[in-house]
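Okay, so here's the structure we're looking at.
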Amino acid sequence: MVSSSSHFRDPHTLTWGLGLILIAMAIAVAAGFSAVPILILAVIVAVAWAFRSIYISFYLGIFLIPFLGIIISIPTGNIAFGQRAFGGSIDVSLAEVVFFCVLIAWALRMLFFWWRRRDQNWRPHFPLLWAYLPLIVAHALSVFSPLEPDPYPVLKFALRPVAFDYFAFIALPINLIKSRRRLRAALGAFAAVGVFAAANGLLAMFFPQSGFLGRARPMDIFGVAVLGGNYNVLAELLVATAPATLALAYLVHSARFRRLLTGAAVFQCMIGLFTFTRTAWIVFILEAIFLGWTIWRDRLHAYASALIIGLIVLLPFGIGMVAYSFSSMAKSSDSTRLMLSQIALQVFESSPIVGGGAGTFINRIGSTQVFLIEYGAPLDSHGFLQKIAAETGLLGLGALIIFIFLTFQFVRTRLRWIHRRASREVILLLITGTGGVFVYELFNTSYWTGKMWLPLGLLIAAIGVLGEEPTVSEPPPHATLKS
């Protein structure tokens, strides 16, 4: 007699079950049933699939992180809380939906395998949670701002995206990546989307908005701006994926794949530079200086001639970058950023302790008639520091400084435990990408997305895998159901 648990672990049984549920959902839609029960069924199916194939779902989520243009809108109906907190519709990116389902599946696996069976492979770990917690609290406390923000959107913002970003993009990678194989797969998904985005940017150069050859930018796919609508969203991704791709090259065994990955990293760097965004050039230069000082310092003399040739090739583009900095388009961008910073400073001065309310900055811009008349549609703060200062005041800025300092101490301390040169270089490359995207967000608007926080999660996970302290072994097949 076959036990019920055996049927539960049988992948064919679960696949047929999921298939039947999908068919039932399609029939319900065709019959005109209410969207609410259909949505609940969809969530059940997605979580069940993530539970069965948690690693595949996790890698899929990593690949989808830059696809911020694919939005799923969930109506809240006439519920008062939904109207006030979400404006009548919960709008989430496809990647967030996938990570949410994986989070639930991971919680269920912890319940079944760690809490009930005491399987240490599924024991949860939350490094840096106590360092990140003040940031969540600071956002929640901004509800007491003298500017009297609506408490529902403020508390919602403290939970999502602020708290969600830690659990989805930091804690989840740390708890799922516990072997070199898992680390290679996660970095492979991140590198793959970097190559895809770079290829998309290269293609866009041959379809310029003006002139013969344009700047690299995200190109619409079937009329949808899946990667975003401007040059910065492409560049900010590539400053993180290029070092991650190079880190993956250190982890593969095939010399051929190593060369391909190195070429892919260079390709992403070049496309990032061809966006001709000033922030991208600044970040790539800083990343090159850091790598030159840490990893490549004793090899620079061997590649001096190649380095000189590369600098000569890039010189005309650098001159073009400088020329663009003095163009009317660049001056207009500077003017916009200056006014956004001035408004952020005014909000901060109005409530310096707790700020004006988490998630409220763009609404304040929308009510600033001078900005709307001068620049059109409201924009979010172009800079992480201005955003935190305006919305959460000194409490938020202090919490952010504490988190950055404790994270730096955490990474530096554990880097000392890693003595193998190849492993240290992998970690240093991931530090490069993580630091690069944090610097980029000092000037951009994607600070509360996986683009910014996933590189940190991958870095800490890699430290746990490559570190020389004892680590938990990879879960055995009977505990993973399917990898």
| query | Do other residues, nucleotides or ligands put more than 12 heavy atoms under 6.0 Å from F290 CZ? | reply | yes
| Can you check whether P127 reaches I174 side chain to side chain, under 4.5 Å on heavy atoms? | yes
| Quick one: are L246 and L261 in side-chain contact, heavy atoms under 4.5 Å? | no
| task | Could you tell me whether the side chain of N175 reaches within less than 4.5 Å of the side chain of W122, counting heavy atoms only? | result | no
| query | So, for W49 and S57, which heavy atoms are closest and what is the spacing to 0.1 Å? | reply | CD1-OG, 3.7 Å
| request: Mind running side chain to side chain contact (heavy atoms under 4.5 Å, CB included) on R184 and L248 for me, showing each step along the way? | output: CA-CA 6 Å; R184 284 196 297 267; L248 179 60; 4.0 Å; yes
| Value rounded to 0.5 Å, distance of CG in N200 from CG in L234 | 7.5 Å
| task | Taking the six-membered ring of F274 (Phe, Tyr or Trp), confirm whether the NZ or CZ of R215 is under 6.0 Å from its centre and within 45° of its axis. | result | no
| task | Could you list the residues that satisfy ring-ring contact (aromatic ring centres under 6.0 Å, His included) with F190, not counting sequence neighbours? | result | none
| request: Kindly write out the residues that satisfy ring-ring contact (aromatic ring centres under 6.0 Å, His included) with F408, not counting sequence neighbours, or none if the list is empty. | output: none
| said: Does R414 qualify as a cation-pi partner of F410, given the criterion of NZ or CZ under 6.0 Å from the six-membered ring centre and within 45 degrees of its axis? | reply: yes
| Pairs in or reaching into residues 236-248: which pass side-chain hydrogen bond (donor to acceptor under 3.5 Å, both in side chains), with residues at least two apart or in two chains? | E236-N444, E236-S446, E236-K451, T241-Q268, T245-Q268
| field | Residue pair F126 / I170, side-chain heavy-atom distance below 4.5 Å | value | no
| Check: I418 main-chain N/O paired with R424 side-chain donor or acceptor under 3.5 Å | yes
| Can you name the closest pair of heavy atoms from A280 and T275 and give their distance? | CB-OG1, 4.0 Å
| field | Gap between atom OG1 of T294 and atom CD1 of I431 - 0.5 Å precision | value | 8.5 Å
| Candidate list F403, F443, F384, W453, test ring-ring contact (aromatic ring centres under 6.0 Å, His included), partner F438, passing option | W453
| request: Determine, stepwise, if the pair L108 / V47 fulfils side chain to side chain contact (heavy atoms under 4.5 Å, CB included). | output: CA-CA 10 Å; L108 292 174; V47 172; 4.1 Å; yes
| task | Please step through side chain to side chain contact (heavy atoms under 4.5 Å, CB included) for the pair S179 and V465, ending with a clear verdict. | result | CA-CA 6 Å; S179 70; V465 170; 5.6 Å; no
| task | Grab the two heavy atoms, one from E425 and one from Y250, that are nearest each other, plus how far apart they are. | result | OE1-CE2, 2.7 Å
| query | Given the side-chain rings of F169 and F99, with only the six-membered ring counted for Trp, is the space between their centroids under 6.0 Å? | reply | yes
| said: Tell me whether R364 contacts the main-chain N or O of G356 through its side chain, where contact means a donor paired with an acceptor under 3.5 Å. | reply: yes
| V154 versus A140, closest heavy-atom pair with distance | CG1-O, 4.4 Å
| So which heavy atom on T449 is nearest to which on D165, and how close? | N-OD2, 3.8 Å
| message | As an exercise, state the distance from CG of N232 to OG1 of T445, rounded to the nearest 0.5 Å. | response | 7.5 Å
| message | With a 3.5 Å distance limit and no angle check, can you tell me whether S351 reaches the backbone of F348 through a side-chain donor-acceptor pair? | response | no
| request: Would you check if L103 and L172 make a side-chain contact, meaning some heavy-atom pair closer than 4.5 Å? | output: yes
| query | Is any side-chain heavy atom of T392 less than 4.5 Å from a side-chain heavy atom of L397? | reply | no
| Mind checking whether E391 and F157 have side chains closer than 4.5 Å, heavy atoms only? | yes
| field | Interatomic spacing from CG in L251 to CG in L187 - rounded to 0.5 Å | value | 6.5 Å
| said: Just checking E148: does its CD atom have more than 12 heavy atoms from other residues, nucleotides or ligands closer to it than 6.0 angstrom? | reply: no
| said: Test: side-chain hydrogen bond (donor to acceptor under 3.5 Å, both in side chains). Region: residues 126-145. Which pairs qualify, not counting sequence neighbours? | reply: none
| request: Tell me, please, which residues at least two apart from F67 pass ring-ring contact (aromatic ring centres under 6.0 Å, His included). | output: F63, F196
| query | Would you call L227 and L68 a side-chain contact if the rule is heavy atoms closer than 4.5 Å? | reply | no
| From I289 atom CD1 to W296 atom CH2, the distance as rounded to the nearest 0.5 Å | 12.0 Å
| Rounded to the nearest 0.5 Å, what separation is found between the CG atom of L400 and the NZ atom of K387? | 13.5 Å
| Full working for side chain to side chain contact (heavy atoms under 4.5 Å, CB included) between V92 and R160 | CA-CA 10 Å; V92 293; R160 177 188 166 268; 3.2 Å; yes
| task | Output all residues satisfying ring-ring contact (aromatic ring centres under 6.0 Å, His included) with F100, sequence neighbours left out; order by chain, then residue number. | result | none
| query | What heavy-atom pair brings A186 and L458 nearest, and what distance separates the two atoms? | reply | CB-CD2, 4.0 Å
| request: May I ask you to decide if Q346's main-chain N or O and E349's side chain share a donor-acceptor pair within less than 3.5 Å? | output: no
